[in-house]
Amino acid sequence: MNHQATVPPLGTFQPQDQPSMEAIASSAWAMLETQVTPFTEVMTIPGEIFRALDAGGKKFIARNFMSYIGKNVLYCRDGTGTDRYFLGNPRNFLRGGGVIVTVKGTEPFWMIRSNTTILEAAAAHLGVNVAPKEKKIPRPPNAYILYRKERHNLVRDAHPGITNNEISQVLGAAWNAESREVRQKYKEMSDKIKKALYEQHPDYQYRPRKPSEKKRRGRRTASTDEEIEHDSDEVAQPSSAD
DNA sequence: GTGAATGAAAA
DNA sequence: TTTTCATTCAC
């Protein structure tokens with residue numbers, strides 16, 4: 001408001017109202033220690049407190065906790081949205097679909113695997129924007145698909161109640177019975193469409209998913225009887241249970 | 001999500 | 001050689 005003519009003593013100013021780092025660390029530990037029970041494996045640290053700690057303070061807290069659980073510990077930011085950090089053995093972060101994400105130059109953070117991709121989570125962690133993922137470009141239709149598409153409605157109207165599967169059977173037979181010229185005509189159409197697609201999307205590339213990751217379209221063949229490879233992404237979740 | 005046909009492209 | 005997927009939409 002108004003500036004008084006108060007003159008602070010020169011050269012003698014000291015931030016008396018600033019608690020020392022040691023004081024912060026020890027009071028932080030005093031508070032966190034209340035979480036410790038004989039079964040505690042992971043400690044939760046409010047973001048505010050975590051940030052008030054410097055490297056030495058964090059080390060101090062970590063050592064104290066280590067002496068309790070007798071295991072190495074790791075700081076991990078909660079990547080699921082809550083402003084808090086976890087401190088515990090890495091194993092405890094890897095259960096129930098949890099993963100530890102590390103981004104070069106930053107502290108690791110923990111998150112539960114969900115619809116959010118690791119890249120998106122990492123971007124959020126860094127407060128950085130990620131280029132919106134480009135929409136998937138559909139495969140160009142082949143000659144038969146074009147043929148079927150063109151006649152689909154005709155067959156429909158001519159056969160009330162007919163199913164799409166039956167339409168496929170009808171048009172599949174019709175296609176095979178079609179003259180070479182006619183089939184060639186559709187082939188050229190599909191080639192034109194394909195060519196146009198490659199001009200619009202020079203980088204386009206057909207990328208079928210691996211033998212079904214999720215939506216396996218049942219194809220049963222002698223060689224399909226093998227057991228499907230299991231995704232063994234071991235992940236963990238901050239859990240004291242063991 | 002699956003099925004039912006055909007065929008291109010990839011693994 | 002085997003698998004996905006592009007079209008369609010009832011189931």
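Throughout, a chain's letter reflects where its sequence line sits, starting with A, and its residues are numbered from 1.
- Y186(A) places its OH atom 19 Å from the C1' atom of dA8(B), with the value rounded to the nearest Å.
- Under a 3.5 Å cut-off, the side chain of R151(A) and the backbone N or O of L146(A) do not form any donor-acceptor pair.
- Not one side-chain nitrogen or oxygen of K194(A) sits closer than 4.0 Å to the OP1 or OP2 atom of dA8(B).
- Across the protein-nucleic acid pair, E150(A) atom CD and dT8(C) atom P stand 12 Å apart, rounded to whole Å.
- Mapped onto DNA chain C by nearest heavy atom, I145(A) and T163(A) fall at different nucleotides, with I145(A) at the one closer to the 5' end.
- L171(A) has its CG atom 20 Å from the P atom of dA6(C), to the nearest Å.
- Atom CD of E22(A) has 12 or fewer heavy atoms from other residues, nucleotides or ligands within 6.0 Å.
- Side chain R207(A) to base dA9(B): no donor-acceptor pair is found below 3.5 Å.
- Along DNA chain C, the nucleotide closest to R156(A) and the one closest to Y144(A) are compared, and the more 5′ of them pairs with Y144(A).
- To the nearest angstrom, P of dA8(B) lies 6 Å from NZ of K187(A).
- Candidate nucleotides dC5(C), dA4(B), dA6(C) were compared by shortest atom distance to the side chain of R209(A), and dC5(C) ranks first.
- The cationic group of K58(A) lies under 6.0 Å from the six-membered ring centre of F50(A) and within 45° of the ring axis, placing it in a cation-pi geometry.
- At the heavy-atom level, E166(A) lies nowhere under 4.0 Å from the strands shown.
- Within the 4.0 angstrom heavy-atom criterion, no nucleotide atom of any strand lies near N153(A).
- For the pair Q169(A) CD and dG3(B) P, the computed distance is 13 Å after rounding to whole Å.
- In this structure, Y198(A) places its OH atom 5 Å from P of dA9(B), rounding to the nearest Å.
- Nearest-nucleotide mapping onto DNA chain B: of R139(A) and N164(A), the residue sitting toward the 5' end is N164(A).
- Closest approach to the Q205(A) side chain among dA6(C), dA4(B), dA10(B) is made by dA10(B) (side chain taken as heavy atoms from C-beta onward).
- Checking dC9(C), dA5(B), dA6(C) against the side-chain heavy atoms of N176(A) singles out dA5(B) as nearest.
- The phosphate of dA6(C) has OP1 or OP2 within less than 4.0 Å of a side-chain N or O from K136(A).
- Between K195(A) and E199(A) there is a side-chain heavy-atom pair separated by less than 4.5 Å.
- Ranking dC9(C), dA5(B), dA8(B) by closeness to the S168(A) side chain, first place goes to dA5(B).
- A donor N or O paired with an acceptor N or O is found under 3.5 Å between the base of dT8(C) and the side-chain atoms of R148(A).
- Note that CZ of R77(A) is 11.5 Å distant from CZ of R84(A), once rounded to the nearest 0.5 Å.
- Summarising the geometry, the separation between CD1 on I193(A) and P on dA6(C) is reported as 14 Å, rounded to the nearest angstrom.
- Looking at heavy-atom distances under 4.0 Å, P138(A) makes contact with sugar-phosphate atoms alone, never a base.
- Remark: C1' of dA10(C) and CG of N165(A) are 9 Å apart, rounded to the nearest angstrom.
- For Y147(A) and Y186(A), the ring centers are positioned less than 6.0 Å apart.
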